[in-house]
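This report refers to the structure that appears directly beneath it.
Just the heavy atoms: all of them, side chains too, but no hydrogens, waters or symmetry mates, feed the values below. Every chain is numbered from 1, with letters handed out A, B, ... down the list of sequences.
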Amino acid sequence: MTGGREVRLEGVVKSYGATKAVAGVDAIIAPGEFCTLLGPSGSGKTTLLKLIAGFENPSTGRVLIGGRDMADVPVAKRDIGMVFQNYALFPNMTVEENVAFPLEARGLGRSESGRRILDALALVEMDGFAARYPRELSGGQQQRVALARALVFDPVILLMDEPLGALDKNLREAIQLELKLLHRRLGVTIVYVTHDQEEALFLSDRIVVLERGLVAQAGAPQLLYRRPANRFVATFLGDCNLLPGILRRGAGVALTAGPVLRIAELPTLPDGAAIVLATRPEHLLLSASAREDSFPATIRETIFLGNAWKFVLEVGATRCFALLPDAPSSDALTPGMTVHVTIDTIRASIFAAA
Amino acid sequence: MTSRVARGHGLLLAPALALVAILLIGPLLHLFVVSFVKDGLSLDLYGRIFTSPAYRVPLLNTFLIAGLVTAGTIILGYPVAYMMATVGPTTARLVAFVVLLPFWTSALVRTTAWIILLQRNGVLNSLLTSTGLIDEPIAFVYNLSGVLIGMIHVLMPFVVLPLYAAFRSIDRNLLMAAEGLGAGSMRIFRRVIAPLTMPGVLAGGLIVFMSALGYYITPAILGGPRQRMIAMMIQFHLQEQLDWGMAAALAIVLLAMTLVLFWLFQRRFGLDRLWGGVAGGGSLVDTIGSGGAYRRSHGGRLVLVAGALVGIFLLAPIVMVFPLSLSRSPFLVFPPPSYSLRWFEGLLRDPKWLESVINSLVVAALAVPLATIAGTLAALGCRRLAPGLRMVIESTMLLPTIVPHITVAVALYYLYASLGLVGGRFGLALGHAMLALPFAFLTVRASLRSFDPNLELAAASLGASSALTFRRVVLPQIAPGIMAGAVFAFVSSFDEVILAIFLTDISSRTLPKLMYEGVAHEIDPTVSAVAVVLILASAIPLLISMLRPRRRMT
């Protein structure tokens, strides 16, 4: 398994009748990268995966793998490993036969296959289960077999379509870590589809956020979290408070809640434009006394999360959340209290109001 | 590439479509034309059917009998469906088998059994007189009661299966909620159970009525002169009056009534409700199971007793022929005074019986592979069609089960007369293949439904050609469906009698036809031995297909 290939999408459009499932996507997935296509249902992420796999052909645009246009290359000739959401293990074959299938399709000899099957099963720690049928395995074990089957023929790319969706939370987290370690070891290019933003943050080298068939933003997870390019990315990836206000050119932002916040970098919007200030819950500071740049809020509910507290606040008609590390002083904050909120403006983003 | 795939799928449909087009749609259209010809184009034949009492009375009779049969199946089917839905999974399978057995048993066997059981000196009358309950034997058969008993007996599954589905779809919590809200069991039945099972009653009733309209064998044998139905009029004109035009017109009238009812049904319930159960004895039983214990009211227990009685009604005639076939006595007395295998030996020694068995097997040997292959290919070909087109194709595939057999027989008679195929086994085999096609189509389609299409995508992504994918992935999964389809095709061919009556002659007649000829004159115990052979020929494959272990898919 000698590293992966690059996947390049050029102006890819896929329409079904009048609707465009993919409405023009350009993206480059670097060799060996773990790239996640993240988006809500209907964002086109699965269609994009099918286009890369070759189950569908783009209406316009090109899919290139390792620099080669895939237009006339059928699925079976693309050397792509794919793990399906429901695993799609052949129920009439044993684990071993399932893993042997891609080698059988490639006409590999028995001795050569035998060794590779054992290696692949060992890789996912399923070597003791070769003679079992898929129905005799748990969900997590089926998941591993599906992974072994997709890797046994040294694919140039590994595609995964919400492969952990059917597993319970603990198992999902354990497999996520294994997957990340496996990726580092094999260096194969992985394109991973999910709607779960936590999973995307956990796994990816890079995330492509999709919205209605278009790329909303692409980049490293921390970049997307810290500097969302638009309101959709800000709210879809991580928790986010949206505080309404007015843009004041040369000054900053006048929040509806009261204070005018000094912000140096303002988006190119006209003076007086209605905006929202997007800020993460952990970037809100609560204090008992008012400051020049603070605004009052009422605590509606307090939620203890173990290592942190979550406070549900009401600022006028707007609800927002604050996240504070647990400290003895937190106990004093109780529902009904009025607190003063200060925002870490350096880490806030400003978007035009919808 | 996509269009090449689509064309390939179109080719898969070709054999089945050819079968239906050449052996059913074409001949029906011809029949339609013939029915308007009498010394030139004319409506004369139809005019006579609707004005002359000689036709009107049987026509009204047909409706009356079909209506009574429908009411009877609903009344008797309700407790059975309740029982099936509320007992444990094993018992439920057994009940399903008991309900389906009459349907899959030759019409001849059933009617013969009823005659043996119910005639003047039959089993029931001798039991009743010998115990002194009655002085004079009661006339059960050769009158209206005989027709109703025979037809209700066989049409029961059409009501029980949709009703069973309706019962099973009732959320148990609803019943608990109703009870918790203070409703008594009568009120729960009236306000919750009855309205929720009404669609099942309607679906079953409609299909029973539709099938009953075209019945031939049962009323012909178990009825009297006053129970003439339209199918018998058709036979009378074709074979006795030699008035082909009138036979065609009557067959068209029957077809039209059936199609109108079918259209109503299809609009209201869709195709799947129609054939899900009966053809897929297998697929139906798949869903019978996870019942669990059911807390019953007194009323519920009463209904259960009624259900058990109906079960006896369904099973009695079929079970009873077994001891009679082993009787040493040349008279059909029950219980037999002593036992022997003489009637089975007679069956093997008599060349006319042996010949007819061979004819039946030859016909099935031709019809079964033809129907199974064409049906399987068609089910595969239907998968990727656009929903609208698929609907049309599926309806076409199911047409042979909708058109009354008597109409099919008349239509094929015309076709074969012009081709010189009347009187031969080949023609009959083709007809049987066409009639059995829907069973193969439906069972394979059912197994394809539970087939995860991702498996094919997975195989392609793993580098498999479409041939390898079909051989290693698709075929192993639909093989049980193909097997079940072949079993149903065999049973339907081996038991079929109406086509055989019209299309075979003395040298090519099949076992059911020979039996039919015998039943009209006298019933000797040889007939009960034949009945046993026919019952086993249907019951054993049916039992195997229903009880075969099913792999659990995750």
Between [X] and chain B, which part of the residue has a heavy atom less than 4.5 Å away: side chain, backbone, both or neither?
X      : value
A:R78  : neither
A:L103 : neither
A:F84  : side chain

Nearest 0.5 Å, please: how far is CZ in A:R149 from OG in B:S461?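 It comes to 7.0 Å.
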Nearest 0.5 Å, what's the CZ-OG1 distance between A:F101 and B:T469? 5.0 Å
Identify the two heavy atoms, one from [X] and one from [Y], that lie closest to each other, and give their separation to 0.1 Å.
X      : Y      : result
A:R106 : B:G463 : NH1-CA, 3.9 Å
B:A464 : A:A76  : O-CB, 3.6 Å
A:A105 : B:L462 : CB-O, 4.1 Å

Is the [atom1] atom of [X] crowded by more than 12 outside heavy atoms at less than 6.0 Å?
X      : atom1 : answer
A:K180 : NZ    : yes
A:M126 : CE    : yes
A:D168 : CG    : yes

Qualifying residues under salt bridge (Lys or Arg N to Asp or Glu O under 4.0 Å), relative to A:E56, sequence neighbours excluded: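 Salt bridge (Lys or Arg N to Asp or Glu O under 4.0 Å) check on A:E56 returns A:K14.
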Non-neighbouring partners of A:R115 that pass salt bridge (Lys or Arg N to Asp or Glu O under 4.0 Å), sequence neighbours left out: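 Salt bridge (Lys or Arg N to Asp or Glu O under 4.0 Å) list for A:R115, sorted by chain: A:E112, A:D119.
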Quick one: which residues of residues 365-374 of chain B reach chain A at under 4.5 angstrom, heavy atoms only? none
What residue, out of A:G139, A:A146, A:P102, A:A53, has the most heavy-atom pairs lying under 4.5 Å from chain B? A:P102
Determine whether A:P91 and B:D452 make a side-chain contact, defined as any pair of heavy atoms from C-beta on separated by less than 4.5 Å.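 No; the side chains remain at least 4.5 Å from each other.
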Under a 4.5 Å cut-off applied to non-hydrogen side-chain atoms, are A:M82 and B:L457 in contact?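 The answer is no, as the side chains (C-beta and beyond) never meet within the 4.5 Å cut-off.
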Is chain A contacted by the side chain of B:N454, its backbone, both, or neither, given a heavy-atom distance below 4.5 Å? both
Could I get the full list of side-chain hydrogen bond (donor to acceptor under 3.5 Å, both in side chains) partners for A:R172, not counting sequence neighbours?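 Checked A:R172 against side-chain hydrogen bond (donor to acceptor under 3.5 Å, both in side chains); zero matches.
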Evaluate salt bridge (Lys or Arg N to Asp or Glu O under 4.0 Å) for B:R472 paired with A:E97, printing each intermediate quantity in order. CA-CA 10 Å; B:R472 294 280 278 128; A:E97 287 167 336; 5.3 Å; no
Just do the side-chain contact (heavy atoms from CB on, under 4.5 Å) check on B:L468 and A:E104 with the steps written out, would you? CA-CA 9 Å; B:L468 182 68; A:E104 181 186 334; 3.7 Å; yes
